[in-house]
Chemist: 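Mind looking over this structure? Questions follow.
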Amino acid sequence: MLIQFSEEQKMLQSVAREFTSNEIAPRDRWMDENGFDWELAKKITEAGFMGANIPEQYGGSGGGIVDNTIIAQEFAKGSASMATFIGAHWLATNLILENGTEEQRQTYLPEAVNGKIFAFGLTEASAGSDAAGIKSVAEETEDGWVLNGSKAWITNSGVADYYIILALSDPELGTRGISAFLLPKDAEGLSIGKFEKKMGCRGSATCELAFDNIRLPKEALLGQRGQGFKMAMQTLDIGRIVAGAVCAGIAEHAFEMAKKYANERVAFGKPIKAFQGVSFRFADMYAEIRAMELLSYDAAFLKDAGKRCTLEAAAAKLFATEHCVEICRAAQGVFGGNGYSAEYDIERLVRDACGWCVMEGSTEILRMIVSGTVLAK
Ligand SMILES: Cc1cc2nc3c(=O)[nH]c(=O)nc-3n(C[C@H](O)[C@H](O)[C@H](O)COP(=O)(O)OP(=O)(O)OC[C@H]3O[C@@H](n4cnc5c(N)ncnc54)[C@H](O)[C@@H]3O)c2cc1C
């Protein structure tokens with residue numbers, strides 16, 4: 001497979017690369033220490049990235065999944081946190097784009113383009129990998145729904161304006177009884193927990209949510225009643241493609257940092273890149289990063305061509321997340337003792353990389369998807 005970007009996509013890549021280098025990369029250490037950067041989010045909105053996945057008729061740039069993948073990869077070269085932030089926002093807004101009524105699209109998508117932040121809430125404290133085991137309940141009433149329950153580990157929570165929440169509308173129907181709901185941040189009965197003190201990706205906000213008798217109008221239902229689980233799984237295909245590219249971006253960031261260090265650091269009278277034990281690391285890192293890119297873009301092009309890509313997206317994320325951690329560790333090794341110091345930034349990338357092995361499906365769950373599919377053929 002040959003990845004062929006259109007002229008517009010090449011231009012998008014160069015714009016995203018420049019934006020990352022000028023605006024995102026210089027803020028990554030600050031975000032690691034202080035959390036979400038509102039000023040940067042504003043700049044991301046002004047540059048048009050929040051609506052990169054949204055059609056022009058709703059004010060967005062009308063890009064496909066390949067375009068999202070390009071932006072996510074570039075952002076991740078400067079900050080895994082900002083790539084996490086925008087990936088979650090796109091994931092949630094894609095659900096509206098693909099499943100919303102025309103009225104919902106016209107209401108929410110222009111807001112998403114203009115900087116309102118969206119989040120996707122599936123996981124609960126007792127149901128992560130086993131997402132079908134969620135317990136949050138949306139009970140139908142005469143004039144709408146009453147939402148009770150909780151969510152855990154929701155990216156963008158605490159900073160989001162809107163949440164897309166998966167809850168049981170018909171508990172007796174299992175996964176066919178799960179529906180999706182649009183929940184505004186100021187809904188009465190919504191409590192947002194404290195920000196999680198995470199190992200990495202600390203510039204992206206993550207909290208628990210609690211729902212106490214939240215009254216929602218009928219129009220809060222997103223998509224068909226009972227289709228929420230299917231919708232969530234379909235949108236996770238996109239999330240996993242983007243995740244693969246984010247990991248390629250993080251890995252390339254680590255590669256570049258280590259390359260600079262290997263050129264500058266002298267041991268035994270030579271720059272350490274002269275030692276085969278060091279230089280061979282770069283050969284492996286390079287090959288693995290290219291493979292990560294190929295798998296991610298292969299799935300992205302399939303998706304944009306309207307083809308099913310659950311297997312390809314899961315394989316891309318599986319390969320990319322696991323190799324990203326290995327590459328960041330290998331790059332850290334190039335720094336010797338300095339790799340262990342926050343001053344040299346590489347340790348942050350190791351921490352950031354680990355989170356991606358869990359979010360949007362852990363390594364084991366992805367192995368289950370991939371093995372289940374290939375063995376059934
Ligand atoms: C930084 C971060 C951001 C996140 N953002 C979001 C978000 O925006 N929205 C959202 O809904 N969720 C989000 N999540 C939640 C994430 O999707 C879950 O953490 C993930 O699905 C794993 O669920 P769990 O944490 O409950 O682990 P568990 O499901 O309890 O798994 C624990 C371990 O057991 C393994 N395991 C579980 N079942 C099996 C099995 N059948 N076979 C083999 N191994 C198994 C898992 O692989 C894992 O290693 C986020 C998580 C993190 C860390």
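Each residue takes its place number in the sequence, starting with 1. Counting starts at 1 for both ligands and their atoms, in listed order. Every value quoted in this text rests on a predicted model; they were computed, and no experiment measured them.
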Chemist: If the threshold is 4.0 Å, N to carboxylate O, is there a salt bridge linking Arg29 and Glu33?
Modeler: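 Between Glu33 and Arg29 there is no salt bridge, as every charged N stays at least 4.0 Å from the carboxylate O atoms.
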Chemist: Could you walk me through whether Phe49 and Phe19 satisfy the ring-ring contact (aromatic ring centres under 6.0 Å, His included) test, starting with their C-alpha distance in whole Å, then the side-chain angles of each, then the deciding distance to 0.1 Å, before giving a yes or no?
Modeler: CA-CA 10 Å; Phe49 293 116; Phe19 183 86; 5.1 Å; yes
Chemist: Between the side chains of Arg329 and Glu326, is the shortest nitrogen-to-carboxylate-oxygen separation below 4.0 Å, so that they form an ion pair?
Modeler: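 Not counted as a salt bridge, because no side-chain N and carboxylate O are separated by less than 4.0 Å.
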Chemist: Using a strict threshold of under 4.0 Å (side-chain N to carboxylate O), is an ion pair present between Asp32 and Arg348?
Modeler: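 Looking at Arg348 and Asp32, the cut-off is not met.
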Chemist: Within ligand 1, which atoms have a heavy atom of Glu360 less than 4.0 Å away?
Modeler: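 In order of number, 17 (O).
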Chemist: Any chance the rings of Phe36 and Phe195 have centres within less than 6.0 Å?
Modeler: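 No, the ring centres sit 6.0 Å or more apart.
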Chemist: Check ligand 1 against Glu364 and write out every atom of the ligand that is under 4.0 Å from a heavy-atom position of the residue.
Modeler: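 Counting atoms of ligand 1 from 1, those under 4.0 Å from Glu364 are 43 (C), 44 (N), 46 (C), 47 (O), 49 (O).
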Chemist: Among protein heavy atoms, which sits nearest to atom 14 (N) of ligand 1, and what does the distance come to when rounded to 0.1 Å?
Modeler: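 Heavy-atom neighbour on the protein nearest atom 14 (N) of ligand 1: Trp153 O, 3.2 Å.
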Chemist: Does any donor atom in the side chain of Thr206 or Lys198 lie under 3.5 Å from an acceptor atom in the other side chain?
Modeler: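 Yes, side-chain donor-acceptor contact under 3.5 Å.
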Chemist: So which protein heavy atom does atom 27 (O) of ligand 1 come closest to, and at what separation?
Modeler: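 Result for atom 27 (O) of ligand 1: Ser129 OG, 4.1 Å.
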Chemist: Does a salt bridge link Glu256 with Lys260, judged by any charged N lying under 4.0 Å from a carboxylate O?
Modeler: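 Result for this pair is no, no salt bridge flagged.
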Chemist: Need the ligand 1 atom indices (1-based, order shown) with element for anything under 4.0 Å from a heavy-atom of Ile154.
Modeler: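 By the 4.0 Å cutoff, the relevant atoms are 7 (C), 8 (O), 9 (N), 10 (C), 11 (O).
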Chemist: Can you tell me the protein heavy atom closest to atom 19 (O) of ligand 1 and the distance?
Modeler: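 Going by distance alone, atom 19 (O) of ligand 1 is nearest to Val358 CG1, 3.5 Å.
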Chemist: Any protein heavy atom under 4.0 Å from atom 34 (O) of ligand 1?
Modeler: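 For atom 34 (O) of ligand 1 the answer is no, since every protein heavy atom stays at 4.0 Å or beyond.
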Chemist: Polar-atom distance check: Thr206 versus ligand 1, any N or O pair below 3.5 Å?
Modeler: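 No, no N or O pair falls under 3.5 Å.
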Chemist: Look only at interatomic distance and state if Lys198 has a nitrogen or oxygen under 3.5 Å from any nitrogen or oxygen of ligand 1.
Modeler: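 No: no nitrogen or oxygen of Lys198 is under 3.5 Å from one in ligand 1.
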Chemist: What protein heavy atom sits nearest atom 1 (C) of ligand 1, and how far away is it?
Modeler: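 Residue, atom and distance for the closest contact: Met359 CE, 3.7 Å.
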Chemist: Do the charged groups of Lys303 and Glu312 touch, with an N to O distance under 4.0 Å?
Modeler: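 No salt bridge links Lys303 with Glu312.
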Chemist: Polar-atom distance check: Gly361 versus ligand 1, any N or O pair below 3.5 Å?
Modeler: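 N/O-N/O distance below 3.5 Å does not exist for this pair.
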Chemist: So for ligand 1, is Phe120 a polar contact partner (N or O within less than 3.5 Å, distance only)?
Modeler: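 Yes - when backbone and side-chain N and O of Phe120 are compared with those of ligand 1, one distance drops under 3.5 Å.
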Chemist: For atom 25 (O) of ligand 1, is the nearest protein heavy atom under 4.0 Å away?
Modeler: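 No, because not a single protein heavy atom sits under 4.0 Å from atom 25 (O) of ligand 1.
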Chemist: Tell me whether Lys10 is salt-bridged to Glu7, with the criterion being a basic N under 4.0 Å from an acidic carboxylate O.
Modeler: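 A salt bridge links Lys10 with Glu7.
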Chemist: Without hydrogens or angle criteria, can the side chains of Asp237 and Thr310 be said to hold a donor-acceptor pair below 3.5 Å?
Modeler: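 Short answer, yes.
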Chemist: So which of Asp352, Thr123, Leu91, Ile365 gets nearest to atom 11 (O) of ligand 1, if we judge by its closest heavy atom?
Modeler: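 Selected option, by shortest heavy-atom distance: Thr123.
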Chemist: Just to be sure I read this right, does ligand 1 sit under 4.0 Å from the backbone of Met368, its side chain, both, or neither, counting only heavy atoms?
Modeler: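 For Met368, the contact with ligand 1 is made by the side chain alone.
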Chemist: Residue-level breakdown please: for Ser362 versus ligand 1, do any non-hydrogen atoms fall below 4.0 Å on the side chain, on the backbone, on both, or on neither?
Modeler: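 Side chain only; the backbone of Ser362 stays clear of ligand 1.
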Chemist: Just checking Phe5 against Tyr297, ring centres under 6.0 Å apart?
Modeler: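 Phe5 vs Tyr297: aromatic centres under 6.0 Å.
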Chemist: Heavy-atom distance from atom 37 (C) of ligand 1 to the protein below 4.0 Å?
Modeler: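 Neighbour list for atom 37 (C) of ligand 1 includes protein heavy atoms (cut-off 4.0 Å).
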Chemist: Heavy atoms of the protein only: does one fall short of 4.0 Å from atom 46 (C) of ligand 1?
Modeler: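 Yes.
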